[in-house]
Amino acid sequence: MLKRFSLTFLIILGITANACSDRQEPTIEPEVKLSQKEFSFSAEGETKTLTVETNIPLEMEESAEEWCTTTGDLSEIKGTLQFDISTTANSSADNRWTNITLLGTDYVRDIKIIQAGAEQSSEDEEETDIVEAEASPIIKKLGLGWNLGNQLDAHSNGVSNETIWGNDKTTQEAFDKIAEAGIHSVRIPVTWLGHIGEAPDYTIEENWLNRVAEVVGYAENAGLNAIVNIHHDGADSHYWLDIKGAATDETVNTQVKNQLSAMWTQIAEKFKDKGDFLIFESMNEIHDGDWGWGDNRTDGGAQYATLNQWNQVFVDAVRATGGNNSDRYLGVPGYCTNPELTIEHFELPDDVVEDRLLIAVHYYDPYEYTLNDKYSEWGHTAEPSKKESYGDEAHLREVFNSLKTKFTDNGIPVYLGEVGNVHRSTERAESFRKYYLEYMCKAAKTYGMAPFFWDNGATGAGKECSGIINHSTGEYINNGKEIVDVMVKAITTEDEDYTLRTVYDNAPQ
């Protein structure tokens, strides 16, 4: 039974002397400010405080998990309220998560609680016992990948535009240098917004489709594998790939499936004569706006089932175009490309050809370190105050091993369509960045997966500064050469003495 706390404060309403009994109270727009929308707890267990400022009565629905409790002083009515969230010690090596929920009139907010698993000591590390998985031929072929991010996927005011997010147009020269650097594959995210005609044909603008084909040609000329997808058309359910709307309204779902089929039919027709260097990926990071912590947790699986339907529509549309699309490799993502949600809820589409589907997931754990630069260090040698409370080596191995057990061991290859770590401004922080990327890439190879570094072209240091290669010239930026070299080393080195254990033992001190 979930416990509820009333978080009620005094709302003063003006009442006139001649008020009529049938007069309606004015509607109050909820204004709720939270000190945090998610909390990370250490494995040892601890208490953190949530501060709530609200202009409406609220209730708190506590977690059903006994290891997470919430307490607060309700003896006084206040506009600003504070509640303590406490976790008990987690003796398991696995992370665990739960939600607490704030509820009010026209207001619902889930607050994510994640607790780290117990870190193994260096004496308990398992790297020396890990037998490197025999990767499938397609994973070996993909090798180390790189994302042409914030380029053909960039958009503004509902229209995609290659240069709108600060990158110059990409060139053949850049792709040639990418190949020379030791990268094997390029993921080319494409947003199609603003270049799509009306129903029922949803005709893709010829100039935009031709530009996508031109960039794919750069990859082909450079000897690189390429992945093309539909990218920000599903961003946060804001556009036509509306998972939240489709999961609750079959009319919306039917429209989305019709458009998805029409678009992939056109894209596939454009490339049907291209060789097996080219892979299609159905969609990118599909979620309802809460990054895997939204209605998908409480809707009985409706959003997961809807995405599984969409992946089936994609496979059917591509295969129907014939040519080299009859057996082209196709990438299909799970919900939000989250590894755990994919393992739990993904259903492999039916296919007319065997063993030509790939699972697409992304890995940025712990994202406050890799993307937001909230922390500067990572791993077992990091200073505790400078690293996230979860997501170290044991966590990474656990996630990768779970993907291997669920998919790779059953003949379904997995690629990490996005991985990354932002540029740092100090030498020590950069040393941990390189260690993270080397360890992650070596683990990907060990568990039989291909990683694709997310490069958005952004220079500088700090949050979202993920550029390592200039998209127009191919020149290195942000310490890019050292970053590329360490990832190439992790993916390509065949020396049996180079293992996860040796990478671990050489972590920054």
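Sequence positions, counted from 1, serve as the residue numbers for this chain.
In this structure, Lys270 and Val228 have side chains that are not in contact, with every pair of non-hydrogen atoms separated by 4.5 Å or more. Put simply, the side chain of Pro451 reaches to within 4.5 Å of the side chain of Met440, judged on heavy atoms. With contacts defined as side-chain heavy-atom distances shorter than 4.5 Å, the pair Tyr439/Arg397 qualifies. Residues Ser466 and Val422 meet the side-chain proximity criterion, which asks for heavy atoms closer than 4.5 Å. Contact of the Ile138 side chain with the Ile279 side chain is registered, since non-hydrogen atoms from C-beta on lie closer than 4.5 Å. Residues Lys387 and Tyr369 form no side-chain contact, since every pair of their non-hydrogen atoms from C-beta on lies 4.5 Å or further apart. Contact annotation: the side chain of Asp276 never approaches that of Tyr329 to less than 4.5 Å [non-hydrogen atoms, C-beta and beyond]. Considering only heavy atoms from C-beta on, Val503 comes within 4.5 Å of Tyr435 through its side chain.
Between Leu278 and Phe280, the shortest heavy-atom contact is CD2-CE2, 3.7 Å. When all heavy atoms are compared, the tightest approach of Trp454 to Pro189 is CZ3-CG, 4.0 Å. Taking all atoms of both residues into account, the shortest heavy-atom contact from Leu357 to Pro413 is O-CD, 3.6 Å. Considering every non-hydrogen atom in both Thr321 and Lys272, the closest pair reads O-NZ, 2.8 Å. In plain terms, the two heavy atoms of Asp350 and Asp316 that are nearest each other are O-OD1, 4.4 Å. The two residues Lys169 and Glu162 make their nearest non-hydrogen contact at CA-OE2, 3.4 Å.
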Inset, instruction - Kindly indicate, with the supporting measurements, whether the criterion side-chain contact (heavy atoms from CB on, under 4.5 Å) is fulfilled by Ile183 and Phe453. - result: CA-CA 10 Å; Ile183 293 169; Phe453 184 90; over 6 Å; no

Inset, instruction - Go through Lys140 and Glu134 one step at a time and tell me if the salt bridge (charged side-chain N to carboxylate O under 4.0 Å, His left out) criterion holds. - result: CA-CA 9 Å; Lys140 290 181 179 178; Glu134 180 63 29; 2.5 Å; yes

Legend entry - Thr337 vs His362, side-chain hydrogen bond (donor to acceptor under 3.5 Å, both in side chains): CA-CA, chis, key distance, verdict: CA-CA 5 Å; Thr337 58; His362 296 173; 3.1 Å; yes

Inset, instruction - Apply the test side-chain contact (heavy atoms from CB on, under 4.5 Å) to residues Tyr304 and Glu344: give CA-CA distance (whole Å), side-chain angles for both, the deciding distance (0.1 Å), then the verdict. - result: CA-CA 10 Å; Tyr304 304 134; Glu344 293 176 14; 6.0 Å; no

Legend entry - Candidate pair Val215 and Gln151, rule side-chain contact (heavy atoms from CB on, under 4.5 Å), full reasoning: CA-CA 11 Å; Val215 175; Gln151 198 82 37; over 6 Å; no

Inset, instruction - Show your working on ring pair (Phe, Tyr, Trp, His ring centres under 6.0 Å) between His155 and Tyr239 and close with a plain yes or no. - result: CA-CA 12 Å; His155 63 96; Tyr239 305 106; 5.6 Å; yes

Inset, instruction - Check the pair Arg187, Asn284 against side-chain contact (heavy atoms from CB on, under 4.5 Å), reporting the backbone distance first and the verdict last. - result: CA-CA 12 Å; Arg187 183 169 176 257; Asn284 175 74; 2.9 Å; yes

Legend entry - Criterion side-chain hydrogen bond (donor to acceptor under 3.5 Å, both in side chains) on Asn478 and Arg433, from CA distance to verdict: CA-CA 12 Å; Asn478 288 359; Arg433 178 191 184 208; over 6 Å; no

Legend entry - Intermediate values then yes/no, side-chain hydrogen bond (donor to acceptor under 3.5 Å, both in side chains), Lys434 and Asn421: CA-CA 9 Å; Lys434 288 189 289 185; Asn421 197 331; over 6 Å; no

Inset, instruction - Could you walk me through whether Asp233 and Trp240 pass the side-chain hydrogen bond (donor to acceptor under 3.5 Å, both in side chains) test, one step at a time? - result: CA-CA 6 Å; Asp233 299 60; Trp240 66 271; 2.8 Å; yes

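Note: Trp146 and His471 have perpendicular aromatic rings, judged against thresholds of 30 and 60 degrees for the angle between ring planes. Aromatic ring pairs are classed by plane angle as parallel below 30°, tilted from 30° to 60° and perpendicular above 60°; the pair His395 and Tyr390 is perpendicular.
For Ser472 (side chain) and Asp168 (main-chain N/O), no donor-acceptor pair under 3.5 Å exists by modelled atom type. For His231 (side chain) and Thr191 (main-chain N/O), no donor-acceptor pair under 3.5 Å exists by modelled atom type. Using a distance-only test at 3.5 Å, with no hydrogens or angles considered, no donor-acceptor pair links the side chain of Gln303 to the main chain of Ala247. Side-chain atoms of Asp249 never come within 3.5 Å of backbone atoms of Gly245 as a donor-acceptor pair (strictly under, hydrogens ignored). A donor-acceptor distance shorter than 3.5 angstrom exists from the side chain of Asn225 to the backbone of Lys141, with no hydrogens or angles considered. Judged by distance alone, with hydrogens and angles left aside, the side-chain atoms of Asn324 form a donor-acceptor pair with the main-chain N or O of Lys274 at under 3.5 Å. Without hydrogens or angle criteria, Thr502 side chain to Thr499 main chain gives a donor-acceptor distance under 3.5 Å. For the pair Asn161 (side chain) and Thr163 (backbone), a donor-acceptor distance under 3.5 Å is present. For the pair Asp455 (side chain) and Asn147 (backbone), a donor-acceptor distance under 3.5 Å is absent. Listed for the Ser261 side chain is no donor-acceptor partner under 3.5 Å among the backbone atoms of Asn258.
Looking at Lys445 and Glu494, a side-chain N of the basic residue comes within less than 4.0 Å of a carboxylate O on the acidic one, giving a salt bridge. Ion pairing of Asp288 with Arg297 is absent here, as no side-chain N (NZ or NE/NH1/NH2) approaches a carboxylate O to less than 4.0 Å. Using a cut-off of 4.0 Å between Lys/Arg side-chain N and Asp/Glu carboxylate O, Glu180 and Lys177 are scored as not salt-bridged. Under a 4.0 Å N-O distance rule, the pair Arg424/Glu377 does not qualify as a salt bridge.
Heavy atoms of other residues, nucleotides or ligands lying less than 6.0 angstrom from CG of Asp495 number more than 12. More than 12 heavy atoms of other residues, nucleotides or ligands shown are found within 6.0 angstrom of CD on Glu383.
Distance check: Phe277 CZ to Leu224 CG gives 9.5 Å after rounding to the nearest 0.5 Å. Taken from CG in Leu152 to CH2 in Trp192, the straight-line distance is 8.5 Å, to the nearest 0.5 Å.
Side-chain atoms of His232 and Ser160 form no donor-acceptor pair, as typed in the model, at a separation below 3.5 Å. Looking only at atom types and distance, the side chain of Asn253 has a donor-acceptor partner in the side chain of Trp310 under 3.5 Å away. Checked by atom type, the side-chain pair Glu368/Tyr375 shows no donor-acceptor distance below 3.5 Å.
A ring-centre distance under 6.0 Å is found for Tyr363 and Phe400.
Not counting sequence neighbours, the partners of Glu438 by the salt bridge (Lys or Arg N to Asp or Glu O under 4.0 Å) test are Lys489. For Tyr415, the ring pair (Phe, Tyr, Trp, His ring centres under 6.0 Å) partners are Phe452, not counting sequence neighbours. The salt bridge (Lys or Arg N to Asp or Glu O under 4.0 Å) test applied to Lys374 returns no partner, not counting sequence neighbours.
Only one option out of Arg109, Lys112, Lys37 pairs with Asp290 in a salt bridge (charged side-chain N to carboxylate O under 4.0 Å, His left out); it is Arg109.
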